[in-house]
Every structure is written in structure tokens, then in C-alpha cells.
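Remarks on the structure that follows.
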Amino acid sequence: MRVYTTSADHIQQVSQLLLNGEVVAIPTETVYGLAADALNSVAVQKIYEIKGRPAHNPLIIHVRSSESAERFVHLNPSAHKLIHAFWPGPLTLVLPKKDCIPEIVTAGLSTVGIRCPRHPAMHAILEQIDRPLAAPSANPSNYISPTRIEHVTQHLEGRLKYAIDGGPCEAGLESTIIDLSEENCPKLLRPGPINKADIESVLGSTLFDPKKDAEGTCSDSDIVTSPGQLKVHYSPHTPITLLKQHESFPQLKADQRIATIHFTSKRKNESEENPSVSSFTLTSCEDPKEAANNLYELLQRIDAEGFEMITVDPIPNGPEWAAIRDRLNRAAS
Ligand code: TXA
Ligand code: MG
């Protein structure tokens with residue numbers, strides 16, 4: 001794999017590769033993305049092949065500005081409000097697509113996920129090519145998203161030809177996704193770096209949560225059955241068990257090596273006295289941003305070390321932990 005830097009010269013070379021229909025792993029403020037020209041169906045097809053992603057799981061597109069978003073989707077007043085508040089940044093909006101977006105990008109859906117990233121390298125490329133980039137996370141389908149260039153090179157070597165090293169990603173978790181395709185029923189499809197409460201306060205209305213609100217304000221047929229909402233996703237190869245409050249540590253078999261994840265460095269429990277248990281701290285004092293930033297890096301590191309099981313301490317309560325809870329639940333299911 002040829003790994004470029006974020007120098008102006010390399011950004012220009014990578015922009016040319018993308019215009020030529022190549023696929024490049026590019027850093028964003030959330031995770032690394034596997035990018036191709038969204039208006040070039042042949043290039044987009046390569047993304048599905050490199051990831052081993054099922055053809056029915058749609059991609060999101062990345063644009064340089066809100067003005068350019070109007071070329072590809074039908075914006076409504078709620079979209080304008082959220083774009084004004086949170087773009088550029090880790091917020092993806094699902095909106096009715098315009099005809100220029102090829103069907104392969106949306107897996108045949110009439111809607112498309114769109115976001116304007118704020119990472120300087122991704123942003124510079126979007127400015128140069130002046131075309132939208134389709135980009136899912138740059139990991140093999142169903143594995144953990146990459147937050148460091150090493151994750152990309154390690155898991156996509158031999159399948160992907162080009163990548164940019166932009167250092168560690170700032171947020172470390174994928175963008176928050178809001179479905180605004182029915183404006184009177186905005187839905188939270190994926191919790192992420194931007195909190196539900198902050199979005200609700202800008203919208204001035206409550207978000208429908210398809211996972212929780214079975215009896216919500218929208219009819220059943222409104223519940224999004226996008227394959228991306230499948231439960232098993234973002235999983236390490238090592239099995240994960242989420243411990244409940246007051247649940248005692250599992251009985252270990254002889255020679256069983258276990259990794260255990262804590263949310264504070266102060267915590268002392270029975271596991272720490274057992275020599276076959278290795279402790280890892282996601283955040284030193286229950287800081288959800290720090291935990292998000294470390295989560296995938298830690299899971300990748302633990303996965304590479306050949307433990308038989310990962311246990312996770314009870315996740316702290318509170319809405320600011322929603323994205324971490326979502327990813328750990330998926331990883332454990
Ligand atoms: O932070 C991010 O969003 C990263 C960076 C690279 O931008 N991208 C990312 O893409 O996480 P991906 O493909 O790994 O996750 C996007 C999710 C998928 O679960 C997909 O099923 C869902 O969004 N999705 C895409 N288009 C959709 C649509 N029209 N309706 C509902 N869900 C959609
Ligand atoms: Mg992904």
C-alpha cells in the first residue's frame with residue numbers, strides 16, 4: 001500500500017487518483033474513510049469489493065460545504081438548521097437524494113446519507129476535486145472502524161492500493177446519523193460524537209429513536225430497516241462480555257487469558273488480583289470523549305494480543321455515553 005502524507009503536494013496527487021476512479025483511505029475527524037468519487041459507479045463498486053460489504057448496505061457521501069450539498073440532496077428547513085449548527089463536523093443527515101447520485105451509492109434507496117467533514121486533509125481534497133466522495137469506514141465489513149493509519153494498513157493490505165496518514169482521528173467514533181427524510185419525524189439512526197440533546201435543542205423537537213421507541217410518534221412502517229442498523233457490527237474477533245452492575249467477574253478456566261476494560265483508573269476489583277487477567281483503562285476518570293477517542297484503538301490492540309475473552313465494566317449512566325453504549329452493545333451481540 002502506498003501511504004501518502006497530508007502535504008499539499010500529496011493532497012494534490014491523491015485528488016488526482018480519486019478523479020481517476022481510484023479508492024483511497026482518507027482520515028476524517030471521526031474514523032478513517034474508504035473514499036471514491038461518488039459520481040463514478042465503477043469507482044464506488046471497488047469500495048464494496050475492498051470492504052467485502054454487502055451490496056444492500058448503502059454508503060454515505062462527503063461534501064465540501066452546505067452549498068454543494070444542495071447539488072446532491074433535497075434539503076428541508078430542519079436540515080438547514082442542523083447544517084448551520086454542526087457542519088463541518090461529525091453529523092450525517094439522511095435526505096431524499098437527487099438523480100445525479102448513482103443507485104450503487106444508496107443500494108437502491110431514494111435517500112442518501114450526507115455529511116461535510118471538518119478534517120483538514122479530507123476537506124482539502126473535497127475542495128480540490130469539487131465532487132462528492134462516497135466513504136464508509138475503512139475496515140473490512142463488520143470489523144472495528146480504523147482510528148489510526150496502522151489499523152488501515154494492517155487490515156486492508158493487499159486489497160487497497162492508497163491511503164493517507166493523518167495521525168489519530170479526533171473523535172474516534174463514527175458520525176451521529178439523523179434521518180430527516182420525513183421532516184415531521186426526525187430519527188436518530190446512530191448515536192455518535194454529537195449528542196441527541198444538542199440536536200434536539202437545535203431542532204426544537206424530540207428525535208424518534210427507532211431502537212427504543214417502538215411505540216413512538218411515527219408509524220411502524222417508518223422504522224428504518226437499513227442494513228447498517230444491524231446489531232452485529234463493529235466487532236473485534238475476541239468475544240466481548242458486558243458486565244452488569246454488581247455482577248461478579250466470570251469464573252475463569254485454567255490458562256484462560258482475559259482482558260478487562262475499566263472506565264476509571266481508580267477502580268479496584270477481584271479481576272486485578274488474578275494474574276491471568278490484564279486490565280485496560282478506557283478513560284482515567286469517566287470522561288466519555290476520552291473513552292470514545294480510545295475505544296477502537298484499545299479493542300484493536302487487545303484483539304491483536306490473543307486473549308480468549310474481553311470483559312467490560314458496567315458502562316457509566318447518562319446520555320453522553322449513548323454512542324459508546326451503542327458500539328459496545330453491537331460488539332458484544
Ligand atoms: O463518521 C462516519 O460516518 C464515517 C466517516 C468515514 O465519514 N463513515 C461511516 O460510514 O461510518 P459507514 O458506511 O461505515 O456507516 C454509515 C452507516 C451505515 O450503517 C449505513 O447502513 C447507514 O449509515 N446508511 C447509509 N445510507 C443510509 C440511508 N440512506 N438510510 C439509512 N441508513 C443509511
Ligand atoms: Mg462502518
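In listed order, ligands and their atoms are each counted from 1. Starting from 1, each residue takes its place in the sequence as its number. Just the heavy atoms: all of them, side chains too, but no hydrogens, waters or symmetry mates, feed the values below.
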Subject >> salt_bridge(Glu297, Arg301) N-O dist < 4.0 Å >> reply: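 Looking at Glu297 and Arg301, the cut-off is met.
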**OP:** Salt-bridge test for Glu320 and Lys289: reply yes if a basic N is under 4.0 Å from a carboxylate O, no otherwise.
**Re:** no
**OP:** Please assess Ile177 against Val94 for the test side-chain contact (heavy atoms from CB on, under 4.5 Å), listing each intermediate value before the final yes or no.
**Re:** CA-CA 7 Å; Ile177 305 184; Val94 171; 3.8 Å; yes
Considering both backbone and side-chain atoms of [X], is one of its nitrogen or oxygen atoms within less than 3.5 Å of a nitrogen or oxygen in ligand 1?
X: Ser175; result: yes
X: Glu174; result: no
X: Thr28; result: no
X: Ser137; result: yes

Under 3.5 Å, is there a donor on one side chain and an acceptor on the other for [X] and [Y]?
X: Tyr162; Y: Gln13; result: no
X: Asp303; Y: His237; result: no
X: Ser284; Y: Ser265; result: no

**OP:** Mind telling me whether Tyr143 and His155 have parallel, tilted or perpendicular rings, with 30° and 60° as the class edges?
**Re:**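 Geometry flag for Tyr143 against His155: tilted rings.
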Where ligand 1 meets [X] - atom numbers and elements under 4.0 angstrom, heavy-atom basis:
X: Leu109; value: 28 (C), 29 (N), 30 (N)
X: Leu189; value: 31 (C), 32 (N)
X: Ile177; value: 17 (C), 23 (O)
X: Asn57; value: 20 (C), 21 (O)
X: Thr30; value: 1 (O), 2 (C), 4 (C), 5 (C)

Original post:
Cationic tip of Arg257 within the cone over Phe307's six-membered ring, i.e. under 6.0 Å and within 45° of the normal?
Top reply: yes
Original post:
Touching ligand 1 at all, Thr106? Heavy atoms, strictly under 4.0 Å?
Top reply: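 No.
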**OP:** Could you establish whether Lys97 and ligand 1 come within less than 4.0 Å of each other, counting only heavy atoms on the residue side?
**Re:**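 Not so, Lys97 does not reach ligand 1.
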Original post:
Got a second to check how far Asn57's CG is from Lys51's NZ, nearest 0.5 Å?
Top reply: 8.0 Å
Subject >> Derivation and outcome, salt bridge (charged side-chain N to carboxylate O under 4.0 Å, His left out), residues Glu70 and Lys98 >> reply: CA-CA 9 Å; Glu70 308 229 32; Lys98 291 192 173 167; 5.6 Å; no
Original post:
From Ser145, does some N, O or S atom reach closer than 2.8 Å to the Mg ion (ligand 2)?
Top reply: no
Hey, is [X] touching ligand 1 through its side chain, its backbone, both or neither, going by heavy atoms under 4.0 Å?
X: Thr111; result: both
X: Asp179; result: neither
X: Ala135; result: backbone

